[in-house]
Amino acid sequence: AEGGTHNNMMNIILMEFGVLLLTVTVLLLIGLQLSKRQRERVSDKQSAYRKAVEIDSDEMFLHGIKTGVGNAFVYGTVSAEDPVTAEWTPEPCILAQVDTEHYTMHTRWVTKTRVLPQGKTETYQELETYYTWDCIYKNILHAQKIRFRGQILPYQSISFPPPAQYKVLYQGPDVRYRYYILNSPVTGTVFTTLTRDGMKKGSRFYCNLNLKEAKSRALEGENRQMPLFWLIWAIITVSLALPVCLLALPFVINFASAWH
């Protein structure tokens with residue numbers, strides 16, 4: 001009887017290992033197909049960066065728009081045509097933001113261990129109270145028009161980096177205001193696509209970087225995409241493979257018992 005039980009357990013373990021191996025194999029094949037598409041996307045993006053025209057004058061920028069030159073790195077200074085002014089901004093700026101935060105109480109169940117008088121270790125759950133600063137409202141003001149390389153453009157033409165925090169004010173112990181600002185003017189490089197209709201909406205802005213530095217930063221960002229993809233896919237594989245094995249366990253046990 002003991003030998004039969006042992007054999008039954010071995011069969012269950014082998015079947016579960018088979019389920020795990022099959023699941024990982026399927027997910028790996030899916031990952032390979034997805035990585036192929038991702039690799040093509042990265043290659044296309046890198047090619048676009050390498051072939052992009054480099055522009056550092058108003059004349060070249062205007063010519064690039066008139067001729068629809070395509071992808072371009074454009075170095076220059078961005079300023080607000082209608083700068084934001086408010087009582088809480090230290091100076092006229094492209095963008096100003098105030099985040100209202102409340103110091104909020106939260107609760108969560110946490111697992112802890114303790115040693116009993118008998119010397120045994122016991123695991124138990126306890127309701128824990130903790131506090132965090134939570135943003136409940138954002139007040140964002142930005143210019144409607146910006147000037148870049150001699151051209152007046154909609155604010156949405158450029159995707160600016162997050163504004164810098166310049167002060168925090170407290171109103172009592174549980175309310176505070178975080179103030180952010182994007183100064184005008186600001187210098188850097190824009191990666192964009194120039195057509196006869198103008199500059200592509202949402203073009204990325206590399207703050208305080210010249211043409212070569214911006215191109216290098218863009219290429220480095222794409223070089224990190226494939227390792228990041230496989231890291232995320234490995235996490236997905238583990239998080240899916242283990243639940244599949246647990247779900248399959250009752251069927252494996254029943255099958256092993258019937259087969260035995």
Side-chain angles (χ1 to χ4, degrees), residues 45 49 52 54-62 64-66 71-106 130-211 213-215 217-218 220-221:
K45 207 66 165 152
Y49 290 144
E54 296 183 5
I55 296 175
D56 61 359
S57 71
D58 295 357
E59 293 76 15
M60 290 177 65
F61 185 61
L62 182 58
I65 293 176
K66 287 182 177 180
N71 295 324
F73 283 99
V74 188
Y75 177 79
T77 297
V78 183
S79 60
E81 277 295 288
D82 51 343
V84 173
T85 55
E87 58 182 13
W88 40 270
T89 56
E91 57 189 21
C93 55
I94 297 175
L95 180 145
Q97 176 178 328
V98 181
D99 290 357
T100 303
E101 297 180 340
H102 283 189
Y103 197 54
T104 311
M105 183 183 75
H106 305 276
Y130 65 100
Y131 293 83
T132 59
W133 285 102
D134 300 331
C135 182
I136 62 167
Y137 179 71
K138 289 179 180 287
N139 184 16
I140 302 175
L141 304 174
H142 62 75
Q144 298 302 311
K145 298 290 183 180
I146 54 176
R147 180 179 290 273
F148 181 60
R149 277 296 165 202
Q151 303 298 309
I152 298 177
L153 307 167
Y155 170 82
Q156 293 78 10
S157 298
I158 295 178
S159 177
F160 291 101
Q165 178 178 295
Y166 74 94
K167 70 176 179 179
V168 180
L169 293 180
Y170 287 82
Q171 184 180 356
D174 55 0
V175 178
R176 72 181 180 186
Y177 303 93
R178 288 183 177 271
Y179 293 84
Y180 302 86
I181 189 172
L182 179 63
N183 289 318
S184 177
V186 59
T187 301
T189 298
V190 175
F191 177 73
T192 188
T193 302
L194 298 179
T195 67
R196 289 182 174 87
D197 295 326
M199 192 169 80
K200 178 184 175 183
K201 181 180 178 181
S203 299
R204 183 172 179 181
F205 186 76
Y206 295 88
C207 189
N208 297 323
L209 297 184
N210 60 33
L211 290 169
E213 291 169 340
K215 180 176 284 191
R217 177 74 60 83
E220 287 173 3

Surrounding NZ of K167 (heavy atoms of other residues, nucleotides or ligands, distance under 6.0 Å), is the total greater than 12? yes

Would the distance check show the side chain of T189 and the main-chain N or O of L209 forming a donor-acceptor pair, the cut-off being under 3.5 Å? yes

Please examine the side chains of Y177 and Q171, heavy atoms only from C-beta on, and report whether any two atoms are closer than 4.5 Å. yes

Under 3.5 Å, side chain of T195 to main-chain N/O of D197, donor-acceptor pair present? yes

D58: partners by salt bridge (Lys or Arg N to Asp or Glu O under 4.0 Å), with sequence neighbours left out: R149

Contacts of type side-chain contact (heavy atoms from CB on, under 4.5 Å), residue Y166, not counting sequence neighbours: W88, P90, Y179, I181

S157 (side chain) donor-acceptor with Y155 (main chain) under 3.5 angstrom: no

Minimum side-chain heavy-atom gap D56-M60 below 4.5 Å: yes

Do the side-chain N and O atoms of R217 and Y206 include a donor-acceptor pair separated by under 3.5 angstrom? no

Would you say the ring centers of F191 and F205 fall short of 6.0 Å from each other? no

Donor-acceptor side-chain pairing of T77 and T187 below 3.5 angstrom: yes

Classify the ring geometry between Y170 and W133 as parallel (under 30°), tilted (30 to 60°) or perpendicular (over 60°). perpendicular

Is it the case that more than 12 heavy atoms not belonging to Y130 sit under 6.0 Å from its OH atom? yes

From the options R176, Q165, K138, select the one residue that forms a side-chain contact (heavy atoms from CB on, under 4.5 Å) with D99. K138

Backbone N/O of K145 and side chain of D82: donor-acceptor pair under 3.5 Å: yes

Across all chains, not counting sequence neighbours, the salt bridge (Lys or Arg N to Asp or Glu O under 4.0 Å) partners of R147 are E81

Ignoring hydrogens, what is the shortest heavy-atom contact between P92 and P83? Give both atom names and the distance. CB-CB, 3.7 Å

Donor-acceptor check, side chain of Q151 to backbone of F148, threshold 3.5 angstrom: yes or no? no

